[in-house]
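In what follows, a structure is listed as structure tokens, so that the remarks can point back to it.
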Amino acid sequence: HNTVYLAESVHLLKPDDSALPGAFTRAYDDSRQLVMEMDLAKLDASSVSLWMMEHGRYPQGQSLQQALGAGRFARLAAQAAALGLPLEQLAVLRPWVAALTLTDLMYLKLGYDPQSGVEEQLLARAQRDGRPTSGLETLDEELGQLEHLSDEDQARFLELTLQDLKDTGSETDQMLTAWRTGNNAGLAADLSDAYSQFPQLYRLLVGERNQRWLPQIEAFLNGGHNVLIVVGALHVVGKGGLLELLRSA
């Protein structure tokens, strides 16, 4: 009696390569509601900044250098310098926030733009059309998992980020090619590589969130109107992905 479209998103795209595949337009046009990981229509930059200030910084008397040790902090300093980021801005951040900050900066340096991402494009259309939007989770649910990682796991997350930053451009190009050609096997292989590096982290970021989202998606399937759900591509594919979970259910 209704259709739920499940779309694989790439959160960042380059402005000159941001055209969405035609299937997105067809699914959007056939849906009455847009659902994202978080409802971006209700999320503003100031609330994100306040949340990060409250949850992602060390209290006075503690620092990132103390948490990482000399060797790790030196590698962080070198990467910050390469990206043009003053080290003192990172020194008060917890490791997981420093990792996200460096990753965001690298994407900006490579020419990727959050406003060109899949969700932002669809959200702009929904707001012009007066179409309702909603989210599968809150900011606290999405980022709180990283906040509650142990100190050592946070440091390891940052260490892996520093190791992987040099390959961000080539790996993202490979992922985008797989996404644009509908190569779910290729996307699943990317996810498998990530899991093998740090299984606990990717269970938190992907597997456990998928399990939390599943009942909400099933509720939309039992609803009375068509819905377009847009989540990161790596949530959809592979073992434990939403497609597998939905087929099993």
Side-chain angles (χ1 to χ4, degrees), residues 2-41 43 103-104 106-137 142 167-194 202 205-206 209-210 213-214 216-218 220-221 223 225-247:
N2 73 323
T3 299
V4 172
Y5 294 97
L6 182 61
E8 299 172 357
S9 166
V10 177
H11 301 313
L12 305 173
L13 290 167
K14 294 180 179 179
D16 59 357
D17 185 33
S18 60
L20 301 184
F24 281 83
T25 298
R26 292 191 294 274
Y28 174 86
D29 288 342
D30 195 40
S31 300
R32 283 174 46 193
Q33 182 178 357
L34 173 65
V35 179
M36 299 161 281
E37 294 180 20
M38 290 189 292
D39 189 351
L40 300 181
L43 192 69
T103 301
D104 287 346
M106 178 59 78
Y107 276 119
L108 290 174
K109 184 176 180 180
L110 291 170
Y112 290 91
D113 175 19
Q115 297 305 310
S116 297
V118 172
E119 286 92 345
E120 290 290 353
Q121 291 190 58
L122 292 172
L123 175 62
R125 287 194 62 182
Q127 290 177 324
R128 287 196 301 269
D129 297 340
R131 190 160 303 184
T133 63
S134 61
L136 297 170
E137 63 186 3
E142 181 164 315
D167 299 320
T168 299
S170 59
E171 290 181 354
T172 304
D173 287 344
Q174 179 180 317
M175 187 187 74
L176 283 172
T177 298
W179 174 71
R180 285 201 175 277
T181 57
N183 180 4
N184 277 358
L187 290 170
D190 290 339
L191 182 60
S192 178
D193 289 343
Y202 285 90
L205 294 182
V206 181
R209 291 168 71 199
N210 287 354
W213 296 346
L214 188 62
Q216 299 178 66
I217 297 173
E218 291 176 326
F220 285 121
L221 283 166
H225 59 268
N226 292 359
V227 176
L228 171 58
I229 298 176
V230 186
V231 298
L234 297 183
H235 285 283
V236 178
V237 302
K239 184 174 177 58
L242 288 171
L243 281 178
E244 179 190 77
L245 293 176
L246 287 163
R247 288 186 182 119

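All values below come from the heavy atoms of this structure, side chains included, with hydrogens, waters and symmetry mates left out.
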Side-chain atoms of residues 15-27: list all donor-acceptor pairs with protein atoms under 3.5 Å, sequence neighbours left out, distances to 0.1 Å.
unit_1: Ser18; atom_1: OG; unit_2: Pro15; atom_2: O; d: 3.1

**Q.** Test item: Trp179 side-chain N/O and Glu8 main-chain N/O as donor-acceptor pair under 3.5 Å
**A.** yes
(Q) Please determine whether the number of non-hydrogen atoms from other residues, nucleotides or ligands lying under 6.0 Å from atom NZ of Lys239 exceeds 12. (A) no
(Q) side chain to side chain contact (heavy atoms under 4.5 Å, CB included), that's the test. Do Glu120 and Leu40 meet it? Break it down for me. (A) CA-CA 8 Å; Glu120 290 290 353; Leu40 300 181; 3.8 Å; yes
Q.
Quick one: does any side-chain atom of Glu37 pair with a main-chain N or O of Val231 as donor and acceptor, under 3.5 Å?
A. no
Q) Are Val35 and Val230 close enough that some pair of their side-chain heavy atoms sits under 4.5 Å apart? A) no
Q: For Gln216 and Leu136, work out which heavy atoms get closest and say how close.
A: NE2-O, 2.9 Å
**Q.** Side-chain donor or acceptor of Ser170 paired with backbone N/O of Asp167 under 3.5 Å
**A.** yes
Q: Determine whether Asp30 and Leu228 make a side-chain contact, defined as any pair of heavy atoms from C-beta on separated by less than 4.5 Å.
A: no
Q) Got a salt bridge between Lys109 and Asp104, using NZ or NE/NH1/NH2 to carboxylate O under 4.0 Å? A) no
Q. If you look at every heavy atom in Ala126 and Thr133, which pair is closest and at what distance?
A. CB-CG2, 4.0 Å
Q: Flag the pair Gln174 / Glu171 as yes when at least one side-chain heavy-atom distance between them is below 4.5 Å, and no otherwise.
A: no
Q: State, without any angle test, whether Ser134 and Asp39 hold a side-chain donor-acceptor pair at a distance under 3.5 Å.
A: no
Q: Taking all non-hydrogen atoms of both residues into account, name the closest pair between Asn2 and Leu221 and its distance.
A: OD1-O, 3.0 Å
Q: Locate the shortest heavy-atom distance separating Val10 from Met175; write the atom from each residue and the value.
A: CG1-CE, 4.3 Å
Q. Can you name the closest pair of heavy atoms from Leu13 and Gln121 and give their distance?
A. CD1-NE2, 4.1 Å
Q. Is Glu244 reaching over with its side chain to a backbone N or O of Gly240, donor-acceptor style, under 3.5 angstrom?
A. yes
Q: Would you sort out whether Leu6 and Leu246 count as a side chain to side chain contact (heavy atoms under 4.5 Å, CB included), showing the intermediate values?
A: CA-CA 11 Å; Leu6 182 61; Leu246 287 163; 4.1 Å; yes
Q. Can you find a side-chain donor-acceptor pair between Tyr28 and Asp129 that sits under 3.5 Å?
A. yes
Q: Drop me the distance from Leu12's CG to Leu108's CG, to the nearest 0.5 angstrom.
A: 8.0 Å
Q: Please answer whether the main-chain N or O of Thr177 pairs with a side-chain N or O of Thr181 as donor and acceptor at a distance below 3.5 Å.
A: yes
Q | His235 and Asn210 side chains, donor-acceptor separation under 3.5 Å | A | yes
Q: Could you check if a side-chain atom of Trp213 sits within less than 4.5 angstrom of a side-chain atom of Leu245, using non-hydrogen atoms only?
A: no
**Q.** Any donor-acceptor N/O pair, Arg131 side chain to Ser31 backbone, under 3.5 Å
**A.** yes
Q. Does a side-chain N-to-carboxylate-O contact under 4.0 Å join Arg209 and Glu137?
A. yes
Q: Would you mind reporting whether Leu123 and Met36 have side-chain heavy atoms less than 4.5 Å apart?
A: yes
Q. Any luck finding a side-chain donor-acceptor pair between Asn226 and Tyr5 under 3.5 Å?
A. no
Q. Within a strict 4.5 Å, meaning less than it, do heavy atoms of the Asp113 and Tyr107 side chains meet?
A. no
Q) With no hydrogens and no angle check, is any side-chain donor or acceptor of Gln33 less than 3.5 Å from a backbone partner on Pro132? A) no
(Q) Return the CG to OG distance between Leu234 and Ser9, rounded to the nearest 0.5 Å. (A) 10.5 Å
